[in-house]
There are 2 protein chains.
Amino acid sequence: MNEPRRSSSLHGGPHPGKTPGATRKGSETRARIIKGALEALENGGMEALTTRKIAASAGVRLATLHYYFDNKESLLLAVLEDLIADMDLAYREIPHSSNPEERVAALIRSMWRYVQRTRNKQIAQIELTIYALRTQGAEWLAARQYNAYIDFYGRLVFSPDEAENAEKSRIGRAVARQMLIGIDGLILQNYALRDDAASEGVEALILATQVYLRRLLANS
Amino acid sequence: MNEPRRSSSLHGGPHPGKTPGATRKGSETRARIIKGALEALENGGMEALTTRKIAASAGVRLATLHYYFDNKESLLLAVLEDLIADMDLAYREIPHSSNPEERVAALIRSMWRYVQRTRNKQIAQIELTIYALRTQGAEWLAARQYNAYIDFYGRLVFSPDEAENAEKSRIGRAVARQMLIGIDGLILQNYALRDDAASEGVEALILATQVYLRRLLANS
DNA sequence: GTCTATAGCATGATAGAC
DNA sequence: GTCTATCATGCTATAGAC
């Protein structure tokens, strides 16, 4: 709705006419700050996340941080944007089977492997998503994040040539939503209980998603 | 493990020999502060949650808050404890069917109705859980919260007489875990996408849980 | 048990030299 | 584009009267 009001602060800088990050050196620094913010967030959580810690974690002076970002808020939203952009790089294990049910199983297992390697990152991402949802004018970012995931995984449910089909694309997206629901729930529960009985949860999720997929295909 | 180190600060006060909240009036105030903290958290989120806002939201002076709680941390953990204690009061729609699969369906629908009525509370609870997990010495609280839910729902999967059976109790708990995974994931996705296509997700979750339950019963 | 007042400090953000 | 120095504010927490 009134989205543009704040979205401007997401990219540009406060300096009229100037554009921090336009030069090569500048954009490298900008990227380092974003990376530092993510690291600090992963280690300490939202509540302890201060601009000073971010600067330290990025190896940058506090003032430099404010040269690249209007304020803390726009930096945090930039971190979330960055996570979205890097998503496809993280999960590059594309399933090779042509059977959609096998693809779903491979996909979920691959996601879960990645999630386990990057526990803190996953929690950080959830914290950032909630932060965006509570930040007036940034709710759309959270939605975009989810849609990006749904899109990405939805495509991978079927083999590339099948994915062109409109109906299969629709089904793929629906399946992706269910996969993401399960993964998010698993992340929270596994993180809280700290047990590895989560592997049973993963297998159950695979089965459930396959059943769901089969049902959607039958009804189409 | 080293759980007792901080758990003491969860209940008592800092005043040696004294016990804030021992009198009737005192415990009412304590409860009001906890309620105010939850309200403030639901409205503004973790990042904006200050002791001042909590005090205002509770209709209490800032100093009064510190009379009842050692510090902000112990207050926040007390809020999470309170949420656990109130859980059974919130979901009092006990399914009446004797068929476990029907009970699961009724349970999930009832949970989801409640979740929809209390969106912000659910997000607040997730934020608190993550907070506890990041707070040294309070991780056990997050685990206890999950276990309380698993216990509570696990019991409701079978009718009261069946629930005594050890094997059914085990199965009930496993099913409850899967239900919670789905609900948590649904909360996040529904909150982020703000669509009501979540109802499809709920139906899919019911089906998946029923399939899972059936499989566990067959293998037992 | 609740109040007013305030200490003591960390925070986000800016000014201005280089 | 990065630095040092600093501001103004709001924070958690405490002191002490009532």
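Each chain gets a letter, A, B and so on, in the order its sequence line appears, and its residues count up from 1.
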Rounded to the nearest Å, what distance is computed from the [atom1] atom of residue [X] to the [atom2] atom of nucleotide [N]?
X: B/Leu65; N: D/dC11; atom1: CG; atom2: C1'; value: 13 Å
X: B/Lys72; N: D/dT14; atom1: NZ; atom2: P; value: 15 Å
X: B/Leu76; N: D/dA13; atom1: CG; atom2: P; value: 10 Å
X: A/His66; N: D/dC3; atom1: NE2; atom2: C1'; value: 15 Å
X: B/Ile33; N: C/dG1; atom1: CD1; atom2: P; value: 11 Å
X: A/Phe69; N: C/dG12; atom1: CZ; atom2: P; value: 15 Å
X: B/Asp70; N: D/dA13; atom1: CG; atom2: P; value: 9 Å
X: B/Glu47; N: C/dG12; atom1: CD; atom2: C1'; value: 11 Å

With respect to the side chain of [X], which nucleotide from [options] is positioned closest?
X: A/Tyr68; options: D/dG1, C/dA13, D/dA13; answer: D/dG1
X: B/Thr50; options: D/dC11, C/dG12, C/dC3; answer: D/dC11
X: A/Arg52; options: C/dA13, D/dC3, D/dT12; answer: C/dA13
X: B/Leu62; options: D/dA13, C/dG12, C/dT4; answer: D/dA13
X: B/Thr51; options: C/dC3, D/dT12, C/dA13; answer: D/dT12
X: A/Arg61; options: D/dG1, D/dT4, C/dA13; answer: D/dT4

Handout entry: Residue closer to the 5' end of DNA chain C, B/Thr64 versus A/Lys53 (nearest nucleotide)
Key = B/Thr64
Check [Y] with [X], please: is the shortest side-chain N to carboxylate O separation under 4.0 Å?
X: A/Arg134; Y: B/Glu127; result: yes
X: A/Arg144; Y: A/Asp151; result: no
X: B/Glu39; Y: B/Lys121; result: no
X: B/Arg30; Y: B/Asp82; result: no

Handout entry: Name of the residue among A/Leu207, A/Leu205, A/Ile206 meeting side-chain contact (heavy atoms from CB on, under 4.5 Å) with A/Thr209
Key = A/Leu205
Practice task
Look at the side-chain N and O atoms of A/Tyr67 and state whether any lies under 4.0 Å from the OP1 or OP2 oxygen of D/dG1.
Solution key: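 Checking A/Tyr67 against D/dG1: at least one side-chain N or O falls below 4.0 Å of OP1 or OP2.
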